[in-house]
Amino acid sequence: MVRKALAAACLLLFLSPVLRLSSEEPVTPEERMRRLLLFFELAPGSNFSQEEQLLLYESLLVRLGSASRRVAIKEYPPRAPTASDAQRTALARTLGADSWLGVSLAGNWRSVVLRAGSYDLIGQATAFSFELRKPMRRGAVDLERDFWDEVTAAVAEYYSEAAANRTVPGEVVFQARPGTRILGAGPEALRADSDGVARAEVQVPVTLSVRATRPGFFPVEGKYFLSRAQNTVPLDMNRGARFAFDVYLNNLIFPGFQFSYFLIPGLLYARTGFTTNLVGLLFSDSGSEGESGLLISRPLNQLDLGLGVYLNDEDRDLRAYAGLGAFARLLSTLSYFGLEPIAPWGLQASLGIEYSRHPRRRFYLELAPMLLFTSRPDLVFASFAPDYSLVGYTFLPWGVFEFLNLRLGFRWEI
Amino acid sequence: MKRLIAFGGAAMLGVLFLGCRLPPFDEGLSLAMITAAKLEPVVKIGPIQAWHGDFEGTDSYFLPFKDTPASRNGFVLSASAYYLRVRYLDGNGGSFLGEVRFEGPAADPNRKTYTAVPLKGGEYLSLALFDPTNSANNSLVLVYVSPPNVTNTVANLYGTFIPDFSSGLDRIAGVHLSPIDATTERFSFFAVLNTAGHFGEVEADVVLTNDGGIGTISLDPLRQDMALPSLPKLGSGAFYYHRPVTPNTSYLSCYDASTGDFRNFAWDDTLRLREMTGMKGRIDALLSSGELLSLAHGSCYVYDAGGGFKYSFPMGGLHFCFEGYDAAGVARLYFSLLYWIYGYQSGSDKLYIDIYSLPTAELGTLN
């Protein structure tokens, strides 16, 4: 049976790799022939012989060739699994196609699991995606008759319709602030020129999902419909936050606050903060003498100053940032107010994540490791309470590194 | 919502796991180092292997020997609410060699019941012990080192020094020691006499022998019987100081139970009692410069001879030991700082002691 089918299939091999339906209705010049790159893959664990694979592939090729007069099939010869849809899209662009069809088969000759999906690069939309289990009762006959009907119908329906939309080459013009980076109008990001204009060639009509970013400004994201009559997209961007204020608990014990000034709004900040140990909430036994209960008080304060940068855009729910600064430890007793003498200052990094659905009010958790400089590491060591855990500290000849310092807080951008 | 829950949960778990950590800070140590940075280091002692628990609940400090403050040897005193322990520390050998222990409360910060001063001439320590329940038990004990152990000798020296008073002696309420020369200490005693409102003062120049015995004694009944009727009724003991230069000013700090504060008085050869109301707290030292020191709240308050406040500086865990004269005859102040590095999960606790000094004339630099 398989040999018969193979012989029949071989008859089809005269067909070109690029098949086109010889329709009774010729394609008019305004209608654009769609170039569909075919990815044919066998899922891991599938059980098909070489002959069966060839039959399946060739029969699909033949059936697709007659699916629509507006669709030309382009083969992707390796027939190897591609990593992702994004990779398929990239390959399609590279090979000159404007859409792709991925067909993946699992199971075996008697029971085939068919997954098919297609993406329209022009429309920037998924054309279709489905999964079917197809029994193979009569082998090659089924392949010749109706095995591929769902795939060919989906291709014909979507791409005939898409082609009928009569998309034509056009141009989108973005009006934004100079230097604005614009994503969504092509494979590459655009950048607005000194006049605030960025242009890209697109097929119109089309709906573009555009994201515009510019340091110092709140990103703009939206869908814009473009036609031959309307091809200008104004991208009005608001300036990012200039100030921020936050309150926090350092190591869940001592309160503090910070004030930030954004040198580049929403991106680069200078931050100063103050943490006091004069009053704190201690939920666990400190292990130190004479300290018990919920409240703890120590005449130690920390004043810090640093620079930092946000690592992703201001409109993201989850934002990350990193910074570096210096701090001074201040002693505040009735008899003395000034620098703490044993470890008076140091450097402090900050690695934080913010979360909120509201871009101006955010919770944050920050890892703020500290490097304390001291000429007397022994006295820093002696400053710990008896039986205190030293996990998270590294003692150096010239300093002490505390790398598990945490801050949990809430930040308002102003 | 799921992301919010995941974020919040992860954050809380992380904070609970890693948080609740106190920064490395010891107020006493930090305050001490503010002043210590201005002092001249004399010697460092340690590490001494010791168990910190043996010192817990006590106010512990180190007193070096007066003649040889750099010898690394001396006494570690631990005062608690129940006892006073005096341990001899061999800082070179890194061990404690014996101790003497005196039962009774010693660590009430406001009603300290003893004064401890190292003496010249050898490895001596003078302890004036005041019994808060029975002033008849007040005693002056001389502790000296008798290697390899510390021992105490002459349980009560008062009888040795105190002459008969015409009004009859009720009790010795205060004692002050001041170095006179290389070998001689001057003991000054304040006596409560049997006649109400009458007090006596005695000076005794003592040369101590190397074996801890008493050598030459020169008694001077400074003021046999003086009437100080406005002096409040004294408890078991008071803190008494005498400056043996004209006009022979004496000072007395006595605890006023009604206010919970110390009241400070001064008189001189005119026998006119003057209360120094400008002083807050007890007089803890009288310096050769005539300045008075009061140690409280982690600070040292410096007053002039008339009780006028001059300035203060932080002390924290720093302890004022004594004033002595160096080989050049310069009066110097000695301080000690005792601190621990705990053994934590492994290793034993280690005790360290730093000793500092400063010429008395430069005390103002600590301001």
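Remember, it's a predicted structure, so these values are computed and weren't measured experimentally. In what follows, chains carry the letters A, B, and so on, assigned in the order in which the sequence lines appear, proteins first and then strands, with residues in each chain numbered from 1.
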Checklist entry - A/L334 versus B/H297: any side-chain heavy-atom pair under 4.5 Å? => result no

Checklist entry - So do the side chains of A/I342 and B/F25 get within less than 4.5 Å of each other, counting heavy atoms only? => result no

Checklist outcome for this item: Applying a strict 4.5 Å limit to non-hydrogen atoms, the region of B/S312 in contact with chain A is neither

Next on the checklist: Is B/Y339 close to chain A through its backbone or its side chain, or both, or neither, when contacts mean heavy atoms under 4.5 Å?
Outcome noted: side chain

For the [atom1] atom on [X], are there more than 12 heavy atoms of other groups (residues, nucleotides or ligands in this structure) within a distance under 6.0 Å?
X	atom1	answer
A/R211	CZ	yes
A/W412	CH2	yes
B/K44	NZ	yes

Looking only at heavy atoms, what is the nearest atom pair of [X] and [Y], with distance?
X	Y	value
A/S335	B/S299	CB-OG, 2.6 Å
B/L31	A/Y336	CD2-CB, 4.1 Å
B/P23	A/R298	O-NH1, 3.6 Å
A/F384	B/Y342	O-CE1, 3.2 Å

Item to check | Electrostatic pair B/K350-A/D378, nearest N-O below 4.0 angstrom | outcome: no

Item to check | Test applied, side chain to side chain contact (heavy atoms under 4.5 Å, CB included); reference residue, B/P24; option that passes from A/V380, A/L390, A/T374 | outcome: A/V380

Next on the checklist: I need the A/I253 CD1 to B/L22 CG distance, nearest 0.5 Å.
Outcome noted: 4.5 Å

Next on the checklist: Can you tell me how far apart CD (B/E27) and OG (A/S297) are? Round to the nearest 0.5 Å.
Outcome noted: 8.5 Å

Item to check | Heavy-atom pairs under 4.5 Å with chain B, option from A/R329, A/E402, A/R376, A/Q302 with the top count | outcome: A/R376

Checklist entry - What part of A/L331 gets closer than 4.5 Å to chain B, counting heavy atoms only: side chain, backbone, both or neither? => result side chain

